[in-house]
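Take a look at the structure set out below.
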Amino acid sequence: MTKNIKYLTRNVKLVCAADFFWNLGRTFPHAILTIFLLEQGFDLVQIATLQSVFMIVAMVTEFPSGIWADLFGRKQIYMAAVVTLFCSYLLIGFFSDHFIVILFAYVLYGLSVALKSGTLEAEVVLEFEKEQRDIKAYSVASSYVMSISSIAGGLLGSLFYEKMHSYMYAISLMLFVLALLMAALCVFSQTSGQKEREQRHLRDELKVGFCVLKSSKPLFYMILLFASATLFVQPFFQYWQVLYQQGGIPIRYFGIIYVAFQACNLVGTMIYNRMKMSNKKIMIFVWLIAIIFAFSMLNTQLALFLLPVSVILFYVFYQHLDVLQKKVAPKQFMSSFFSLVGTSENIASIVSLFIMATCIEYVGITYAYIILFFMFSVCTYICYLLFLKDK
């Protein structure tokens, strides 16, 4: 990890610092968010409504936000995203007496996540390509930053809640200010392509971007690969508590298990960073994810050991996918492409959860997981072969 940090440019270190403070502030209340909202007088139906509003707003605005970033400046849109999240958490933490206010706060939250997508990250990719640096170093460092901040946010939030309650959000607000400051210190050079795009209108940008995507099969297959990944991500992280509870694991251990699964991302990133990945190894990893999970369902003791192994292998694959995405993304429309990938993931998440719920109803949660994970392996294998064929 130290080696990766030394390889990074000043701008990239600032971007990593901004993302660290942003994600730490964002995840600080996550471990107790449902409890906090229940104590404010909201019921589970209202909480589910808030989450639905967040997902819909993020899905609808993510692709347009990428186009805005390409047109008007990625740094400016990133800072706008942090300010929007600041306003959202201010409302949730200190003006949560009315459901309408919290509903508006979640609209801002979804908009903030959409605005941030593909902003400074795209600038870093362009800077690395210009200086002929290996983008893998940034991708690995960014993954470390997000994993560590997520783990720290979840742990600290659960520890501070009993003493601070809504004042926890004040800490998040201060962290967002630090993220804003780090982003403001970044100075990226403007390319000639950016200057030309500033003279085009949003409609022209949509037409040109669509033509680029239509003429490039690898970009299309890359979008499908990220969509396929949701067949693992969404069912697992939405239903693992139910799976463990049915396996006889006491609920009091769920907080520790949650942190352990977050740590799987760190382990997966470390493996990816140290291994020289080949397409053959990636294919093997994709199939092992489903096979190992199927074996883990034989008994609870096996599941405790093998399930995290399956998650680690997935993160190794996902890290590789993230690097590939940064390498093939079109330079003129990088933010737009990153946002389009995010939009496809949001849509695929809804579809995968619907498939998971249907499978649970007919065959139970264990077989539902096995079905979804093998669907992930098959879809990913096919899309990856097509991507390599047309690359």
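- Ile92 and Ile56 fall into different hydrophobic clusters, where Ile, Leu, Val, Met, Phe, Trp and Tyr residues are linked whenever their side-chain heavy atoms come under 4.5 Å apart, directly or through other members.
- Rounding to the nearest 0.5 angstrom, the gap separating the OH atom in Tyr381 from the OG atom in Ser228 is 14.5 Å.
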Discussion item. Apply ring-ring contact (aromatic ring centres under 6.0 Å, His included) to residues Phe54 and Tyr109 and explain how you reach the verdict.
Written reply: CA-CA 7 Å; Phe54 162 78; Tyr109 191 5; 4.8 Å; yes
Take Tyr89 and Phe176 through the test ring-ring contact (aromatic ring centres under 6.0 Å, His included) and record every step on the way to the result. CA-CA 10 Å; Tyr89 271 43; Phe176 295 150; 5.3 Å; yes
**Study point:** side-chain contact (heavy atoms from CB on, under 4.5 Å) assessment of Val323 paired with Tyr272
**Key:** CA-CA 11 Å; Val323 172; Tyr272 176 76; 3.4 Å; yes
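- A donor-acceptor pair under 3.5 Å is formed between the side chain of Ser65 and the backbone N or O of Glu62.
- Contact check for Phe376 versus Ile289: side-chain heavy atoms found under the 4.5 Å cut-off.
- Minimum interatomic distance between Val82 and Ala179 (heavy atoms only, all atoms of both residues): CG1-CB, 4.5 Å.
- A salt bridge links Lys326 to Glu121: one of the charged nitrogens lies within less than 4.0 Å of a carboxylate oxygen.
- Side-chain heavy atoms closer than 4.5 Å link hydrophobic residues (I, L, V, M, F, W, Y) into clusters, and following such links, possibly through other members, connects Ile102 to Leu90.
- The hydrophobic clustering, which links ILVMFWY residues whose side-chain heavy atoms are closer than 4.5 Å, places Leu372 and Tyr362 together.
- Pairing each heavy atom of Val140 with each of Gln319, the nearest pair is N-NE2, 3.8 Å.
- Using a 4.5 Å heavy-atom cutoff, the side chains of Phe188 and Val15 are in contact.
- For the pair Val177/Met174, no side-chain contact is recorded, criterion being any heavy-atom separation below 4.5 Å from C-beta on.
- One finds the SG atom of Cys186 at 9.0 Å from the CD atom of Glu127 (value rounded to the nearest 0.5 Å).
- Judged by distance alone, the side chain of Ser172 and the main-chain N or O of Gly25 form a donor-acceptor pair under 3.5 Å.
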- [ ] Check step by step if side-chain hydrogen bond (donor to acceptor under 3.5 Å, both in side chains) holds for Tyr384 and His320.
- [x] CA-CA 12 Å; Tyr384 197 79; His320 176 71; 2.9 Å; yes
>> Show, in sequence, the C-alpha distance, side-chain angles and deciding distance for Phe314 and Phe285, and conclude whether the ring-ring contact (aromatic ring centres under 6.0 Å, His included) test is met.
In response: CA-CA 8 Å; Phe314 171 79; Phe285 276 28; over 10 Å; no
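- A distance of 5.5 Å separates OG1 in Thr84 from CG in Leu115, rounded to the nearest 0.5 Å.
- Note: Phe128 and Tyr138 have tilted aromatic rings, judged against thresholds of 30 and 60 degrees for the angle between ring planes.
- Annotation: Phe104, atom CZ; neighbour count of heavy atoms from other residues, nucleotides and ligands within 6.0 Å does not exceed 12.
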Walk me through it: do Glu129 and Ile135 pass the test side-chain contact (heavy atoms from CB on, under 4.5 Å)? CA-CA 8 Å; Glu129 287 186 351; Ile135 195 62; over 6 Å; no
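- Under a cutoff of 6.0 Å and an axis angle of 45°, Lys389 and Tyr221 do not form a cation-pi pair.
- Nearest heavy-atom pair, Met182 versus Leu14, reported as atom, atom and distance to 0.1 Å: CB-O, 3.7 Å.
- Applying the side chain to side chain contact (heavy atoms under 4.5 Å, CB included) test between Ile271 and each of Leu313, Val316, Leu266 identifies Val316 as the sole match.
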Could you go through Phe387 and Phe220, starting from their C-alpha distance and side-chain angles, then the distance that decides it, and tell me whether this counts as side-chain contact (heavy atoms from CB on, under 4.5 Å)?
CA-CA 8 Å; Phe387 171 79; Phe220 177 71; over 6 Å; no
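- Taking CZ from Phe374 and CG from Leu231, the interatomic distance works out to 13.5 Å, rounded to the nearest 0.5 Å.
- Thr27 approaches Ser149 most closely through the heavy-atom pair OG1-O, 3.5 Å.
- Residues Tyr106 and Ile100 are members of separate hydrophobic clusters, defined by side-chain heavy-atom contacts under 4.5 angstrom among Ile, Leu, Val, Met, Phe, Trp and Tyr.
- No donor-acceptor pair under 3.5 Å is formed between the side chain of Ser147 and the backbone N or O of Tyr144.
- You'll find the side chain of Ile371 reaches within 4.5 Å of the side chain of Met375, heavy atoms only.
- Using a 4.5 Å heavy-atom threshold, the side chains of Cys359 and Tyr367 count as separate.
- The backbone N or O of Ala81 lies less than 3.5 Å from a partner atom in the side chain of Ser112, making a donor-acceptor pair.
- Counting heavy atoms from C-beta on, the side chains of Asp19 and Met146 come closer than 4.5 Å.
- Of the possible donor and acceptor atoms, one in the side chain of Ser352 sits under 3.5 Å from a partner among the backbone N and O of Ser349.
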Determine, stepwise, if the pair Trp22 / Lys116 fulfils side-chain contact (heavy atoms from CB on, under 4.5 Å).
-> CA-CA 10 Å; Trp22 172 83; Lys116 184 182 177 294; 3.4 Å; yes
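- Side chain of Ser142 to backbone of Ser139: no donor-acceptor contact under 3.5 angstrom is found.
- In terms of heavy atoms, Leu108 sits closest to Ser88 at CB-CB, 3.9 Å.
- Put simply, the side chain of Thr230 never gets that close to the backbone of Val233: no donor and acceptor are under 3.5 Å apart.
- Between the CZ atom in Phe236 and the CE atom in Met356 there is a gap of 10.5 Å [rounded to 0.5 Å].
- Residues Asn346 and Ile350 have side chains not in contact (no heavy-atom distance under 4.5 Å, counting atoms from C-beta outward).
- For Thr358 (side chain) and Phe354 (main-chain N/O), a donor-acceptor pair under 3.5 Å exists by modelled atom type.
- Screening Phe337, Phe338, Tyr318 for a ring-ring contact (aromatic ring centres under 6.0 Å, His included) involving Phe226 leaves a single residue, Tyr318.
- Heavy-atom minimum distance, Thr119 versus Ala69: CG2-CB, 4.2 Å.
- Between Thr9 and Arg133, the closest side-chain pair of non-hydrogen atoms falls below 4.5 Å.
- Aromatic ring centroids of Phe373 and Phe293 lie under 6.0 Å apart.
- The CH2 atom of Trp287 sits 9.0 Å away from the OG1 atom of Thr380 when rounded to the nearest 0.5 Å.
- Leu340 and Val60 fall into different hydrophobic clusters, where Ile, Leu, Val, Met, Phe, Trp and Tyr residues are linked whenever their side-chain heavy atoms come under 4.5 Å apart, directly or through other members.
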